[in-house]
There are 2 protein chains.
Amino acid sequence: MAAANRNTIQRKLVMNVVQNSLHPTAEYVYKTIKTDYPDISLGTVYRNLSLLSNRGDILKIPLPGSADRFDRDISLHYHAVCSECGAIDDVHGLDLGDIDMDASQNTGYTISGHTLIFTGICPECQAKISEQSLMEE
Amino acid sequence: MAAANRNTIQRKLVMNVVQNSLHPTAEYVYKTIKTDYPDISLGTVYRNLSLLSNRGDILKIPLPGSADRFDRDISLHYHAVCSECGAIDDVHGLDLGDIDMDASQNTGYTISGHTLIFTGICPECQAKISEQSLMEE
DNA sequence: CTATTATTGATATGAATTATCAATATATGA
DNA sequence: TCATATATTGATAATTCATATCAATAATAG
Ligand SMILES: [Zn+2]
Ligand SMILES: [Zn+2]
Ligand SMILES: [Zn+2]
Ligand SMILES: [Zn+2]
């Protein structure tokens, strides 16, 4: 009885694209599916990405100021965003200890989690930039 | 000569409201100014908040999924957001060590900074919730 | 004072996401 | 197998937050 989720083809397609991509946006998932399945609606993609991330099958990476990314890797890790090209890469092996507990004691909040995003310049863009400054001399 | 910023009354008003508020949104700053100075434009508030935070006079707190907050406290500290009521409070005294350097070594990025937001339930909302569950018995 | 131009108010535009709703398709179970 | 209940869909409107545009205005240096 318990109002179960249904296994629609659209849901499977969304899941597949996320599983075969690195940190895609909803837009990317939509366009990718659309080549093989042109009838898919953007709203459906958003709805399924929400459902799948709420369910814990995928991870939602909210980025302030730009479109959310989604992640097939649901293990604990963080992300770095390139301010030049928008690339996003994993930051693994970062141990922050019990910052949630620390924050809880500090504020009186019941902390359920945290969002941590690093901002910087990716190796590729660093290379481009140092090329440019050589040119300008 | 050097194209200087001008000290407009609008800019001073925006600065004043931020200095006298706790983590206001652009909308809040706008409405507050509007009571005494009805001609102010929302665009002007956004423009000045950007200028002031770029200049380092105030701090911009980007929140994924909701409106940015601004902070008169420009010292290093973090924030906790209540998922129930939207309240935002300071998290002081959190030592994360050299996470930027760690992230840099991990990814090859040149890290310029990071955004860290805690999510949870504020003390007030915790109280409301435990009241409710008492009622429901 | 005068000239330069940074800034303003008004408004349009944009990006990302959610809401609405009738039509459709999936799962359950008779 | 078939009928039923309803979760989900596609299409589209609406929302939210923020930036872009541009002629008019006002702040500052000289
Ligand atoms: Zn880059
Ligand atoms: Zn990742
Ligand atoms: Zn609260
Ligand atoms: Zn603060």
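Proteins come first, then strands; the chains are lettered A, B, ... in the order of their sequence lines, and each starts at number 1.
- Put simply, A:Asn48 has no side-chain N or O that comes within less than 4.0 Å of OP1 or OP2 on D:dT8.
- Contact of the B:Phe70 side chain with the B:Val29 side chain is not registered, since no non-hydrogen atoms from C-beta on lie closer than 4.5 Å.
- Contacts with DNA chain C (heavy atom under 4.0 Å) in residues 9-17 of chain B: B:Gln10, B:Arg11, listed by number.
- For the contact set between residues 61-74 of chain A and DNA chain C, defined by any heavy atom under 4.0 Å, the members are A:Ala67, A:Asp68.
- Partners of B:Asp90 according to the side chain to side chain donor-acceptor pair (under 3.5 Å) rule, which considers only residues two or more places apart in sequence or in another chain, are B:His23, B:His77, B:His79.
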Solution key, residues 113-121 of chain A side-chain donor-acceptor pairs under 3.5 Å, sequence neighbours excluded:
{"from": "A:His114", "atom 1": "ND1", "to": "A:Asp100", "atom 2": "OD1", "distance (Å)": "2.6"}
{"from": "A:His114", "atom 1": "NE2", "to": "A:Tyr78", "atom 2": "OH", "distance (Å)": "2.7"}

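- Rounded to whole angstrom, the span from the OH atom of B:Tyr30 across to the P atom of C:dT8 amounts to 14 Å.
- Within the 3.5 Å criterion, the main-chain N or O of B:Gly108 finds a donor-acceptor partner in the side chain of A:Gln126.
- To the nearest 0.5 Å, atom CG of residue B:Asp102 and atom CG of residue A:Leu94 are 5.5 Å apart.
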Check the interface with nucleotides 19-26 of chain D: list each N/O to N/O pair with the protein under 3.5 Å, or write none.
none

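- Here B:Ile129 contributes atom CD1 and B:Glu124 contributes atom CD; the two are 11.5 Å apart, rounded to the nearest 0.5 Å.
- In this structure the side chain of B:Leu49 reaches within 4.5 angstrom of the side chain of B:Val18, judged on heavy atoms.
- Between the two ends of the helix from C:dC1-D:dG30 to C:dA30-D:dT1, each summarised by a five-pair axis, the helix axis turns through 30° (rounded to 10 degrees).
- Closest heavy-atom contact between A:Tyr109 and B:Ala80: OH-O, 3.7 Å.
- Between B:Ile40 atom CD1 and B:Ile33 atom CD1 the span is 4.5 Å, to the nearest 0.5 Å.
- For C:dT26, the OP1/OP2 oxygens have no side-chain nitrogen or oxygen of A:Asn7 closer than 4.0 Å.
- A donor-acceptor pair is defined here as one N or O able to donate and one able to accept, closer than 3.5 Å; such a pair exists between the side chain of A:Arg11 and the backbone of A:Arg6.
- Straight-line distance from the CZ atom of A:Arg55 to the P atom of D:dA7: 14 Å, rounded to whole Å.
- Distance CG (A:Leu51) to C1' (D:dT8): 10 Å, rounded to an integer number of Å.
- We find that CG of B:Leu49 is positioned 15 Å from C1' of C:dT7, with the value rounded to whole Å.
- No donor-acceptor pair closer than 3.5 Å links the side chain of A:Thr35 to the backbone N or O of A:Lys31.
- Atom CD1 in B:Ile88 sits 11.0 Å away from atom SG in B:Cys82 (nearest 0.5 Å).
- Rounded to whole angstrom, the span from the OH atom of B:Tyr37 across to the C1' atom of C:dT7 amounts to 11 Å.
- Of the side-chain N and O atoms in B:Thr44, one or more sit less than 4.0 angstrom from OP1 or OP2 of C:dG9.
- In this structure, CG of B:Asn5 is placed 15 Å from P of C:dT5, rounded to the nearest angstrom.
- Once rounded to the nearest 0.5 Å, the distance linking OG1 of A:Thr8 with CZ of A:Arg47 reads 10.0 Å.
- Interatomic distance, CZ of A:Arg55 versus CG of A:Asn48, reported as 9.0 Å (0.5 Å rounding).
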